[in-house]
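All remarks here apply to the structure that follows.
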Amino acid sequence: MGTPMILTAAIVGAEVTREQTPHLPITAEEIAREAKRCRDAGAAVIHLHVREPDGAPTQSERRFREAIEAIRAETDVIVQTSTGGAVGMGADERLQPLACRPEMATLNCGTTNFGDEVFENTRPMMREFARRIRASGATPELEIYEIGHLDAAMELAREGLIDKPYHVQFVLGIRGAAGARPSVLKFLVGELRAMAGDDATWAVAAVGRHQLPMAALAAEMGGHARVGLEDNIYLDKGVLSEGSAPLVERAATAARHHGRDIVDPPRARHLLGLRSP
Ligand code: KMH
Ligand code: ZN
């Protein structure tokens, strides 16, 4: 049996539009159907954003509750709600999904360029988000877009605001931030090991055409990976992916090729040390 690998499917996001791809799920029913397809393809975690019926990104508790209930009715995946939302949303707005008591939630570990915009995550915001995520009972996933974000995350650890084991997601290839290059991932993983030893798990979420190659590299390096329409809408050059499930399937195939064992949600819960759902 190979070493376990957790696949996360980011099935909605905040930026992708129906104009870019008709395969983007928007309603709670569409989101739940896609979550089930991704689970069947090998995803253990769904990274969740939600939309208003017109497709606008929202952090509305009501929309999250609808989507989470619909997902729960379909499948047993781990739901990881976004606290990043969309660029320009305020902290309280972004934190609303925690009221739904998700099993996991993202904790963005620093301000970063995000295309031509700025995605704000000041250190006081990070502390507040860490406290609120802990109070909700969710396990944070630390979103790292740059090397300095890793230092900022470890500062949260030293301040006692996050618990071991730390779950780190390297988000690579956002325009204006660290590129999705193998050398960057290898450097970041080395730094993580130097800072946290074996007290951390890591995954990579790479953008656009880098998504599947970087997921395969993560499989080779012993990490975990996130794929899905939030970060990449193409299955092959010029070929839209019909939802996130085909991307999960590709990542799972590559991972098995590297001898990895794709884990189901119960095993992922155990590996990530989540509270009981
Ligand atoms: N939509 C991005 C600005 C997260 O989910 O925590 C932020 C994002 C990160 O997607
Ligand atoms: Zn997100």
Side-chain angles (χ1 to χ4, degrees), residues 7-17 20 24-26 31 34-35 38 43 45-52 55-61 63-64 67-68 71 77-98 100 102-122 125-126 128-130 132-133 136 138-146 149 152-153 156 162 166-178 180 203-208 211 224-233 244 247-248:
L7 292 179
T8 294
I11 63 178
V12 182
E15 289 81 25
V16 174
T17 66
Q20 292 170 308
L24 181 74
I26 288 179
I31 289 172
E34 189 55 33
C38 288
V45 181
I46 297 295
H47 169 70
L48 188 65
H49 288 254
V50 293
R51 304 291 181 103
E52 294 295 351
T58 177
Q59 289 290 99
S60 141
E61 178 188 335
R63 296 288 175 218
F64 267 96
I68 292 170
I71 292 171
V77 285
I78 296 162
V79 174
Q80 175 197 81
T81 56
S82 170
T83 67
V87 169
M89 289 179 174
D92 285 337
E93 187 179 7
R94 284 167 52 179
L95 287 162
Q96 290 175 84
L98 296 179
C100 304
E103 287 181 80
M104 294 187 85
T106 56
L107 201 177
N108 288 276
C109 290
T111 295
T112 183
N113 286 316
F114 202 94
D116 291 342
E117 300 176 296
V118 175
F119 179 34
E120 193 180 57
N121 297 285
T122 63
M125 280 172 74
M126 286 168 54
E128 176 65 9
F129 277 49
R132 298 272 294 270
I133 290 170
S136 79
T139 297
E141 179 184 84
L142 309 166
E143 310 298 309
I144 307 292
Y145 303 77
E146 299 280 4
H149 296 175
L156 290 180
I162 55 174
Y166 313 119
H167 302 302
V168 169
Q169 172 97 276
F170 297 117
V171 185
L172 301 182
I174 301 285
R175 280 178 307 143
V204 69
V207 172
Q211 181 172 83
H224 307 289
R226 169 175 119 181
V227 295
L229 295 190
E230 174 167 342
D231 308 315
N232 166 42
I233 60 174
S244 296
L247 295 164
V248 174

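Just the heavy atoms: all of them, side chains too, but no hydrogens, waters or symmetry mates, feed the values below. Numbers here simply count residues along the sequence, with the first being 1. Read the numbers this way: they start at 1 and go in the same order the structure lists the ligands and their atoms.
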Atom indices of ligand 1 within 4.0 angstrom of H47 heavy atoms, with elements: 4 (C), 5 (O)

Are the side chain of Q59 and the backbone N or O of P97 linked by a donor-acceptor pair below 3.5 Å? no

Among all protein heavy atoms, pick the one closest to atom 6 (O) of ligand 1 and tell me residue, atom and distance. T106 OG1, 2.6 Å

Side chains of Q169 and E141, donor plus acceptor under 3.5 Å: yes

Counting each atom of ligand 1 from 1 as listed, which ones have a heavy atom of V87 under 4.0 Å away? 3 (C)

Going by the atom numbers of ligand 1, which of them fall below 4.0 Å from some non-hydrogen atom of Y145? 9 (C)

With a heavy-atom distance limit of 4.0 Å, tell me whether N108 approaches ligand 1 through its side chain, its backbone, both, or neither. side chain

At the Zn ion (ligand 2), what angle lies between atom OE2 of E230 and atom NE2 of H49, rounded to 10 degrees? 100°

So which heavy atom on I71 is nearest to which on V77, and how close? CG2-CG2, 3.6 Å

When rounded to the nearest 0.5 Å, the distance separating CG of L24 from CD1 of I31 is 8.5 Å

Considering only non-hydrogen protein atoms, determine which one is nearest to atom 4 (C) of ligand 1 and report residue, atom name and distance to 0.1 Å. S82 OG, 3.3 Å

With only distance considered, is F119 within less than 3.5 Å of ligand 1 through an N or O on each side? no

Please test L48 against F64 for side chain to side chain contact (heavy atoms under 4.5 Å, CB included), starting from the C-alpha separation and ending with a verdict. CA-CA 8 Å; L48 188 65; F64 267 96; 3.9 Å; yes

Closer than 3.5 angstrom, by distance alone: can the side chain of Q80 be matched with the main-chain N or O of M104 as a donor-acceptor pair? no

May I ask which of A86, A205, G85 has a heavy atom nearer to atom 1 (N) of ligand 1 than the others do? G85

Side chain or backbone, does H49 bring an N or O within less than 3.5 Å of an N or O on ligand 1? yes

Test item: T106 side-chain N/O and T83 main-chain N/O as donor-acceptor pair under 3.5 Å: yes

Which of the numbered atoms in ligand 1 are below 4.0 angstrom from a heavy atom of E15? 1 (N), 2 (C), 3 (C)

Would you mind checking which non-hydrogen protein atom is closest to atom 10 (O) of ligand 1, with the distance to 0.1 Å? E230 OE2, 3.0 Å

Supply the atom-to-atom distance E146 CD to T111 OG1, rounded to the nearest 0.5 angstrom. 11.0 Å

